[in-house]
Number of protein chains: 2
Amino acid sequence: MTTAPIFLISPDRGSVAERSIATTPAPMLFTNGEEIYAQGDRADRLYRVEFGAVRVYRLLADGRRQISAFHLPGEVFGFQADGVHHFFADAVGATGLRVMPRASAGGVTPEVMEFALRCLVRTQEHLLVVGRQNAVERIAAFLLDMAERQGGLEQFDLPMSRTDIGDYLGLTIETVSRVFSKLRAQGVIRLVSLRTVEMKKPGVLRALCE
Amino acid sequence: MTTAPIFLISPDRGSVAERSIATTPAPMLFTNGEEIYAQGDRADRLYRVEFGAVRVYRLLADGRRQISAFHLPGEVFGFQADGVHHFFADAVGATGLRVMPRASAGGVTPEVMEFALRCLVRTQEHLLVVGRQNAVERIAAFLLDMAERQGGLEQFDLPMSRTDIGDYLGLTIETVSRVFSKLRAQGVIRLVSLRTVEMKKPGVLRALCE
DNA sequence: CGAACGCTTGAGCAAATTCAAGTGCGGTGG
DNA sequence: CCACCGCACTTGAATTTGCTCAAGCGTTCG
């Protein structure tokens, strides 16, 4: 799979990456499902997604999983309070990461602080979606978020499976599938392929999120 | 169990806050429900809870509310990425806060970073509770978290109403009430008063959170 | 070609919500 | 001091939403 998203070849991002990690060699490569770090691991690095995507999640003893975030190209993740990871992170499809040792990341730079705080706001907003919105509203919020983070085009890719989407939104895979079908039947979205969405009526999606 | 990491009671928490606001005069006082900041406000201060409690929340257009965090005495809150608050914060009962202008908070000190990252981990863990646990498991996680944050005693207070608890856990007030009654009937907890809980079988609560 | 995997769809069910009374407690005023 | 009022909480019954279980479809890959 790994439909290479269009924005991967955007010129500005590449150049920023090259500057900020000028000394770092080629990105580290991961295959679908490959572990990037695990709960309990030492957290002494930051990661920047070059291509592909990353899911950060936690498990319950019986296997229930909650994905707390997907990270798309250009985003930085991996910060932890006390030097130990409290979550798992693995690759969604073929993924390339720039790895920055914490030392060279400069400790608590304003940039790192900014990333962490943005991540906090994003997680808190996601909590509202999961805690107080119904299935259709959750999917609508998710689609709008994915579209916006991929440049705001009406057509965009979903790098992750329906199962991943369910585990991100607190829904079962069946419910995710049913809501996709319903939105398609209503002409709100079109499924170019299983993993490619075209928003036909973004206004309807936006109205659903209030 | 997911919501009460051991490190929360590590001694550095209190001492850091006390040092950093040594020069601040008497705490600012708030009555029940009084606004501390609103969505859209400039975020140029940090707050430390002296007594009482604080709820941080967000609203949907139709009034549905998601509380993303309660802050208890000793805890610091109010950091935001881009200098603008994305949430509301108000007092739960009579509350006293130490206010620290961001300047005197020293910009991005390691301490502030530490607080923000802890808040992030806590929110991500709460997301697992809300996204993937049932009503009984959510209440169990909540009670254990509240107990631990108040010193780990078997008896402790709930500063907030059942409505607040519901809006924190993504449940209705009726469901919260029913679960409390069920746990009481099973002898897992005792309600000394409406807002005072005694854990009779903490092991059962812990088992519920896996 | 067959197996595996990811996705879809249907039917029945269970958990939590909604709607609707009731209870108990703290505060106010007669 | 006691009665009453308001508010927070509890409890019950009916309903709904999303889940579970089960079967079927389509694509990919060996």
Side-chain angles (χ1 to χ4, degrees), chain A residues 1-3 31-33 55 60 62-67 92-94 129-143 157-186 189-197 208, chain B residues 31-33 55 60 62-66 92-94 129-143 157-186 189-197 208:
Chain A
M1 55 141 285
T2 52
T3 47
T31 61
N32 186 25
R55 63 189 156 233
L60 290 171
D62 62 2
R64 281 176 287 177
R65 181 179 69 155
Q66 177 67 45
I67 294 177
V92 180
V129 173
V130 171
R132 283 296 179 216
Q133 296 196 285
N134 64 32
V136 175
E137 293 168 336
R138 292 185 209 190
I139 297 284
F142 172 71
L143 292 176
D157 289 318
L158 301 176
M160 70 295 286
S161 69
R162 300 290 189 266
T163 302
D164 286 336
I165 297 172
D167 284 350
Y168 178 64
L169 296 175
L171 299 171
T172 60
I173 177 177
E174 294 96 331
T175 298
V176 172
S177 184
R178 274 185 254 271
V179 173
F180 269 79
S181 297
K182 187 176 170 186
L183 292 175
R184 184 163 44 79
Q186 294 173 343
I189 60 172
R190 189 169 75 93
L191 290 175
V192 180
S193 73
L194 273 181
R195 303 272 182 103
T196 306
V197 179
L208 279 170
Chain B
T31 61
N32 186 27
R55 61 186 158 234
L60 289 172
D62 61 2
R64 281 176 287 176
R65 181 178 69 157
Q66 177 67 46
V92 180
V129 173
V130 171
R132 283 296 179 213
Q133 296 196 285
N134 64 30
V136 176
E137 292 168 334
R138 292 184 209 191
I139 296 284
F142 172 71
L143 291 175
D157 289 318
L158 301 176
M160 70 295 286
S161 69
R162 300 289 190 266
T163 303
D164 286 337
I165 298 173
D167 285 350
Y168 178 64
L169 297 175
L171 299 172
T172 61
I173 177 176
E174 294 96 331
T175 300
V176 172
S177 184
R178 275 185 253 271
V179 172
F180 269 78
S181 298
K182 187 176 170 187
L183 292 174
R184 184 164 44 80
Q186 294 173 344
I189 60 171
R190 189 168 75 91
L191 290 175
V192 180
S193 74
L194 275 180
R195 303 274 184 102
T196 307
V197 179
L208 279 170

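In what follows, every chain begins at residue 1, and chains take the letters A, B, ... in the order their sequences are listed. FYI, side chains are in, hydrogens and waters are out, and symmetry mates aren't considered; it's all heavy atoms of this structure. None of the values given here were measured: they were computed from a predicted structure.
Across all strands, G166(A) comes closer than 4.0 Å to no nucleic acid atom at all (heavy-atom distances). Across all strands, S161(B) comes closer than 4.0 Å only to sugar-phosphate atoms, never to a base (heavy-atom distances). Contact annotation for T175(B): base contact, defined as any heavy-atom pair under 4.0 Å involving a base atom. R138(B) comes within 4.0 angstrom of nothing in the nucleic acid, heavy atoms only.
Contact record, I165(B) with M160(B): CG1-CG, 3.7 Å, taken as the closest heavy-atom pair. In plain terms, the two heavy atoms of I173(B) and R162(B) that are nearest each other are CG1-CB, 3.9 Å.
Distance, L194(A) CG to dG26(D) P: 12 Å, rounded to whole Å. Following rounding to the nearest Å, I139(B) (CD1) and dC9(D) (P) show an atom-to-atom distance of 12 Å. In this structure, N32(B) atom CG and dA8(D) atom C1' are separated by 12 Å, rounded to whole Å. Following rounding to the nearest Å, R178(B) (CZ) and dA13(D) (P) show an atom-to-atom distance of 11 Å. In this entry the distance linking CZ of R184(B) with C1' of dT10(D) reads 9 Å, nearest Å. Between R132(B) atom CZ and dG18(D) atom C1' the separation is 11 Å, expressed in whole Å. If you measure from atom CD of Q133(A) to atom P of dG18(D), you get 11 Å, rounded to the nearest angstrom. Across the protein-nucleic acid pair, L169(A) atom CG and dC19(D) atom C1' stand 16 Å apart, rounded to whole Å.
The CG atom of L208(B) sits 11.0 Å away from atom CD1 of I139(B), with the distance rounded to the nearest 0.5 Å. Taken to the nearest 0.5 Å, the CZ atom of F142(A) stands 5.5 Å off from the CG atom of L158(A).
Each of V176(B) and V176(A) was assigned the nucleotide of DNA chain C with the nearest heavy atom; the assignment lying further toward the 5' end belongs to V176(A). Of the residues near DNA chain C, N134(B) and E174(B), the one whose nearest nucleotide (by heavy atom distance) lies more toward the 5' end is N134(B).
Under the 4.5 Å side-chain criterion, counting only non-hydrogen atoms from C-beta, L171(B) is not in contact with V179(B). For the pair V197(A) and L191(A), the minimum side-chain heavy-atom distance is below 4.5 Å.
Between the R64(A) side chain and the R132(B) main chain, a donor and an acceptor come within less than 3.5 Å of each other.
Bracketed by its first and final contacts, the part of DNA chain C lying under 4.0 Å from non-hydrogen atoms of chain B reaches from dA16(C) to dC19(C) in 5' to 3' order.
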